[in-house]
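The structure appears below as structure tokens.
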Amino acid sequence: MKQFTSVHDVTDINALVAEALQLKQNPYALQQLGKNKTIGLVFLNPSLRTRMSTQKAALNLGMNVMVLNIDKEGWALELQDGAIMNGTTVEHVREAAAVLGQYVDIIGVRSFPGLKNREEDYSETVFNKFVEYCGVPIVSLESATRHPLQSLADLITIEELKTIERPKVVLAWAPHIKPLPQAVPNSFAEWMCKADVDFVIAHPEGYELNTHFTQGATITHNLQEALTDADFVYVKNWSAYEPYGKIIGNHDDWMLTNDMLTRTHNAKIMHCLPVRRNLELSDEILDGPHSVVIHEAGNRVWAAQAVLKQMLESL
Amino acid sequence: MKQFTSVHDVTDINALVAEALQLKQNPYALQQLGKNKTIGLVFLNPSLRTRMSTQKAALNLGMNVMVLNIDKEGWALELQDGAIMNGTTVEHVREAAAVLGQYVDIIGVRSFPGLKNREEDYSETVFNKFVEYCGVPIVSLESATRHPLQSLADLITIEELKTIERPKVVLAWAPHIKPLPQAVPNSFAEWMCKADVDFVIAHPEGYELNTHFTQGATITHNLQEALTDADFVYVKNWSAYEPYGKIIGNHDDWMLTNDMLTRTHNAKIMHCLPVRRNLELSDEILDGPHSVVIHEAGNRVWAAQAVLKQMLESL
Amino acid sequence: MKQFTSVHDVTDINALVAEALQLKQNPYALQQLGKNKTIGLVFLNPSLRTRMSTQKAALNLGMNVMVLNIDKEGWALELQDGAIMNGTTVEHVREAAAVLGQYVDIIGVRSFPGLKNREEDYSETVFNKFVEYCGVPIVSLESATRHPLQSLADLITIEELKTIERPKVVLAWAPHIKPLPQAVPNSFAEWMCKADVDFVIAHPEGYELNTHFTQGATITHNLQEALTDADFVYVKNWSAYEPYGKIIGNHDDWMLTNDMLTRTHNAKIMHCLPVRRNLELSDEILDGPHSVVIHEAGNRVWAAQAVLKQMLESL
């Protein structure tokens, strides 16, 4: 694997899931593969799960890890080509990416969207500059529009916990007080549309995702209907795609309750975390028997390890 | 050892000190023990000695280390159970702790007190949530009311440098301009009360520590008397327990001078550091022959290594 | 090598360059040398290249690495001897340096100048306190007046890419909007004056460097003349030495263009980075065939690795 920026970089998602589950059984068997190989994890935004699980995955494979919080430990990057850099940016991403590529064998980059300019966000300006200039394989630690390591961990979790061959998986929009990126739902949708599941997206009117990511999904504004017979409910807030980055209307009634789950097929509740309790998801669900969010977060290690393994093999 | 949060987690403090001193002689002998084991060091507050010495201890044991400055590299944690998270906190400590526990074999946590609400601080709200939810052995990197790795290093230092079987050890309050936690003196008192020393606490009236930590100590407001024949003087400021977190009165005359040390038994001067020179402790003492503060700081490695060794053995 | 703070710490710069180029061919051969040895990288200022390349160099040698952003993860250091520390500084550099020396075998320190007080900056107050108190070999990660790891990487680059025995190397001042330190040009000059090159410094009147660093260099205010037949042009801004730390006059015409390069001997363009595009150096040069800035940045690893190797050998 030469890059991991979306599901489209994966030849066979089922094989990748299988590989992750094998690594979970035997995490330290391949340390010769990563010996003297270094991953640089470059964060333009905060991170907890991705930061720690990707480090762990790399260490499991015998790699060295170097972490760079580029905004805090370095300086502001210029992203505009042709800019006369007489403002506050200190280094152009062209140099920063190319230089980092001199020091590491694989780069991971996290770069959130600004949620101001849809065209800019959806063209993945920052992330793609790193891809273009770093000169080494790159793995997305969440970009403006996708979070593929999360989606792979989600698919691993579904594969592990499903009780029927082709489970019904519902991506259920949830309320939030801040406008959040569409990266996680875009990415989850894109992966589920390729997976062997019955995939339904439920959201209030106005929260339609870019159809590029949802080809093949059933989309409904009726949460109750969506929940019926669901095996997995993936809870996630996102802001509107149009008007871009906005919160539209009040939909507090979209927060799941145990009561609403009765119509599911004893569904497992998933969330990428962090989750705002009693806003996105209630205590009763998060602390109850349906929640698999911690198990899901644990699978972030095996997702990252499977991806890094394939990257190391193609170095 | 399943957790290290206070002296009460230690079966035999003398055996632990002996183990630390053995590790100091032979730091790298046990690297097989930590192979493929990972410690996560989670800081909610700044740290220099604890950060570096605990890393070094883990590396000496062959462990992998992942450091997380959760407030700066992650986000603000919610601590209140039942909270509707529509404010500034992004993730509940329940999830944060549980997720981190998925990625590491041992967790270290630093969480200072707020010094506003005594009951909250003394119930160790934050720290205990990590203990409750992380699901792996936890080592205190200083909590609201205790700093046991420091106290263990202090006891190691006393054991190494004592010239008589049962030395007189004085915990001497010193001035400061900011209200400091009681964690270090609480913890030091608690350990000294269990150690084979003659233990005296000297502080101005009003700076009484919680008696929970000082059972068995001699407590005096007369610094001169306390210093008489002392073998070790442990200098430390703390704010009042009642009124909680306050500085009461002006006690600049409690700053030690060489002159005041003449009445001691050629006492060694200890301090946990950082120390404010010429406010808590004078240059003449810190730069003179009595000070053992650097040696004491060096022992932080062996304290941490002894604790991590026992934790690794019980994984 | 017991310390690496300037070219004066190096017995034979050509031998050091040769060693670096050997390590570049065979980066992982000496991992036994660094086994169980730890380097502590202490940053009082931001860093990207130095941070990542020095880590990589240490890892290549089998060392452990601990990074400390002391201002962000620790606290403000007091630098003044004799200070009564009743202000905002929390720990004196005497203690901080000495304690860090307890935990590591080699210390790297980055400490920029304040550019307010020339005497203070040029006496290297902060850096020299670390040298004095840490008690272990120290490597400069850029101090107030020098950046020797950069200069060594520059010399390695010149050695690799030169097409004639004794190339003409021009240090060419370039415009900037902020007053920058003299550390990189001082250090480059000092190294070039010892190297087997024809060394010319070109800058506008008023930007004279301290002559301590430029003994043996040809100095001119005529950029065109300096560029004639140049084999390497090292582009760099610096603020004035007198009046100290100031920008004097407008010299936008000192930004190099491809057109100006026609009079060179097909010169390679160097820069230590970060570079402000279209202010210090034009896009056309940075993206054109003359630029070797990324290659040069890559050599930072081998510079650091050669220095650390010699330090490890003398531990």
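Throughout, protein chains are lettered first and strands after them, A, B, ... in sequence-line order, and every chain is numbered starting at 1.
- Atom-to-atom distance recorded for Ser123(B):OG and Asn117(B):CG is 8.0 Å, nearest 0.5 angstrom.
- By number of non-hydrogen pairs under 4.5 angstrom with chain A, the leading residue of Gly40(B), Gly101(B), Gly135(B), Gly87(B) is Gly87(B).
- Remark: Glu78(B) engages no residue in a salt bridge (charged side-chain N to carboxylate O under 4.0 Å, His left out) (not counting sequence neighbours).
- For Val235(A) against Leu281(A), the heavy-atom pair with the smallest separation is CG1-CG, 3.9 Å.
- With a 4.5 angstrom heavy-atom cutoff, Arg51(A) touches chain B only via side-chain atoms.
- In this structure, the portions of Ala98(B) lying under 4.5 Å from any heavy atom of chain A include both its backbone and its side chain.
- When the candidates Arg277(A), Glu280(A), Lys56(A) are compared by the number of heavy-atom contacts under 4.5 Å with chain B, Arg277(A) comes out ahead.
- For Ile294(A), the parts lying under 4.5 angstrom from a heavy atom of chain B are both the backbone and the side chain.
- Ranked by heavy-atom pairs under 4.5 Å with chain A, the list His92(B), Glu73(B), Gln102(B) is led by Glu73(B).
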TODO: Determine, stepwise, if the pair Glu120(B) / Thr125(B) fulfils side-chain hydrogen bond (donor to acceptor under 3.5 Å, both in side chains).
DONE: CA-CA 6 Å; Glu120(B) 195 177 294; Thr125(B) 323; 4.9 Å; no
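- When the candidates Ala57(A), Pro46(A), Pro274(A) are compared by the number of heavy-atom contacts under 4.5 Å with chain B, Pro274(A) comes out ahead.
- At a 4.5 Å heavy-atom cutoff, the contact between Gln31(A) and chain B is made by side-chain atoms alone.
- The pair Asp9(B)-Lys2(B) fails the salt-bridge criterion, with no side-chain N (NZ, NE, NH1 or NH2) lying under 4.0 Å from an Asp/Glu carboxylate O.
- Within the 4.5 angstrom heavy-atom criterion, only side-chain atoms of Lys72(A), from C-beta onward, approach chain B.
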Sequence neighbours left out, cut at 3.5 Å: what donor-acceptor pairs do the side chains of residues 297-305 of chain A make with other protein atoms?
residue: Asn299(A); atom: OD1; partner: Lys24(A); partner atom: NZ; Å: 2.8
residue: Asn299(A); atom: ND2; partner: Thr157(A); partner atom: OG1; Å: 2.9
residue: Asn299(A); atom: ND2; partner: Glu160(A); partner atom: OE1; Å: 2.8
residue: Arg300(A); atom: NH1; partner: Thr50(A); partner atom: OG1; Å: 3.4
residue: Arg300(A); atom: NH1; partner: Gln150(A); partner atom: OE1; Å: 3.0
residue: Arg300(A); atom: NH2; partner: Thr50(A); partner atom: OG1; Å: 2.8
residue: Gln305(A); atom: OE1; partner: Asn60(A); partner atom: ND2; Å: 3.0
residue: Gln305(A); atom: NE2; partner: Pro27(A); partner atom: O; Å: 2.8

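- The shortest side-chain heavy-atom distance between Leu312(B) and Met63(B) falls under the 4.5 Å cut-off.
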